[in-house]
Amino acid sequence: MAQVPARISWAVRTVTGLEPSAVLEVGCGRGHALAHLAERLPSARLVGVDRSEAAVAAARERLRGRAELVHAELTAVPALLAPARFDVVFAVNVNAFWLEPAAELAALRALLAPGGRLALLYEPPSDAQGRRIAPALAANLAAHWFEAETLLEEPLDKVTGVGVVAVPR
C-alpha cells in the first residue's frame, strides 16, 4: 500500500479531531483523504466535490460508495446539495481561498451547519510561500465573514504546512 502523503494525514487528523457527523471536502481529487476519513468516521456522511470529471471518476472507484461525490464548481454545490449542511468543510491546497475567494466563501457559508467549521490546509511549495499564504488566507476569511478559530502549522515532508480552522461570524 502506498504511503499516505503528510498533507493528507494532517487533513484527516484535523477533520477527525473536530468530531463531525457530516463532512464536505472541496477539491477532493481522487478521494485519498475521503478514503481515510471513511475508515476513521464510519458513521459520518462524507461528500467530496471536485471540478475535474476524471478526478471524481477516480474517487468513485477508490471509495466504492463510501462517500457521495459531486462533479461541479464549488459555487454550484449549495444548490446541488440543498438542503444539506456540514459540520466540517475542508480543503487541502485549494488556491481559491487565499487568492480571490468571495464566491467560494459565500458557497461555503451556505454549506456549513450552525456551529460548523471550515478547515483550509496548505502544503506550500516553500516555507516562504507559506508565510505569504497564511496572512492572505486570514485576511480573506475576515473580509468574507469568517473568524479564524485556530491557526495551524504542521511540519510536513519538506516544508511547514499552514492552515486555519474558521467559523462563520
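Only a predicted model underlies this, so the values are computations on that prediction, with no experimental measurement involved. Every heavy atom of this structure was used, including side-chain atoms; hydrogens, water molecules and symmetry mates were not.
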Closest heavy-atom pair and its distance - His71, Ser52: CD2-C, 3.7 Å
With rounding to the nearest 0.5 Å, note down the distance linking CG in Leu46 to NE2 in His36. 13.0 Å
Taking a hydrophobic cluster as the set of Ile, Leu, Val, Met, Phe, Trp and Tyr residues connected by side-chain heavy atoms closer than 4.5 Å, whether directly or through intermediates, do Leu80 and Val94 fall within one such cluster? yes
More than 12 foreign heavy atoms under 6.0 Å from CZ of Arg66: is that the case here? yes
Lys158 bridged to Glu123 by N-O distance under 4.0 Å: no
Test side-chain contact (heavy atoms from CB on, under 4.5 Å) on Tyr122 and Leu137 and set out the steps. CA-CA 10 Å; Tyr122 293 88; Leu137 183 59; 3.7 Å; yes
Please say whether more than 12 non-hydrogen atoms of neighbouring residues, nucleotides or ligands are located less than 6.0 Å from CD in Glu149. yes
Of Thr14, Val88, Leu118, which meets side chain to side chain contact (heavy atoms under 4.5 Å, CB included) against Val165? Thr14
Can you list the steps and then say if Arg7 with Glu154 is a side-chain contact (heavy atoms from CB on, under 4.5 Å)? CA-CA 9 Å; Arg7 70 183 175 280; Glu154 178 78 8; over 6 Å; no
Between Arg62 and Arg30 (side chain of the first, backbone of the second, donor and acceptor by atom type, cut-off under 3.5 Å), is there such a pair? yes
So if I apply the side chain to side chain contact (heavy atoms under 4.5 Å, CB included) rule between Leu34 and each of Val12, Leu63, Leu24, Val47, which one comes out positive? Leu63
From OG (Ser126) to CZ (Arg132), nearest 0.5 Å: 6.0 Å
Can you list the steps and then say if Phe146 with Leu120 is a side-chain contact (heavy atoms from CB on, under 4.5 Å)? CA-CA 12 Å; Phe146 280 88; Leu120 302 175; over 6 Å; no
Distance-minimising heavy-atom pair for Ala59 and Leu69: C-CD1, 3.5 Å
Can a donor-acceptor pair be found, under 3.5 Å and without considering hydrogens, that links the side chain of Asp50 to the backbone of Val56? no
Can you tell me how far apart CZ (Arg169) and CD (Glu147) are? Round to the nearest 0.5 Å. 7.0 Å
Same hydrophobic cluster for Val162 and Val159, using side-chain heavy-atom links shorter than 4.5 Å among ILVMFWY? no
For Leu18 and Phe90: C-alpha separation, side-chain torsions, deciding distance, then whether side-chain contact (heavy atoms from CB on, under 4.5 Å) applies. CA-CA 11 Å; Leu18 297 171; Phe90 80 102; over 6 Å; no
Of all the heavy-atom pairs spanning Thr160 and Asp127, show the shortest one and how long it is. N-OD1, 2.7 Å
What one should report as the nearest heavy-atom pair of Ile133 and Pro124 is CD1-CB, 4.0 Å
Output for pair (Gln3 CD, Ile8 CD1), nearest 0.5 Å, gives 12.5 Å
Are Trp145 and Leu111 linked, directly or through other ILVMFWY residues, by side chains that come within less than 4.5 angstrom of each other? no
Non-hydrogen atoms of Pro78 and Ala107 that approach each other most closely: CG-O, 3.6 Å
Is there a side-chain contact between Phe97 and Asn140 (heavy atoms, below 4.5 Å)? no
Measure the OG1-CZ distance between Thr75 and Arg51 for me, rounded to the nearest 0.5 Å. 10.5 Å
Would a hydrophobic clustering, with Ile, Leu, Val, Met, Phe, Trp and Tyr connected at side-chain separations under 4.5 Å, put Phe86 with Val167? no
Minimum-distance pair of heavy atoms, taken over all atoms of Ala102 and His144: CB-CE1, 3.4 Å
As an exercise, state the distance from CG of Leu156 to CH2 of Trp10, rounded to the nearest 0.5 Å. 6.0 Å
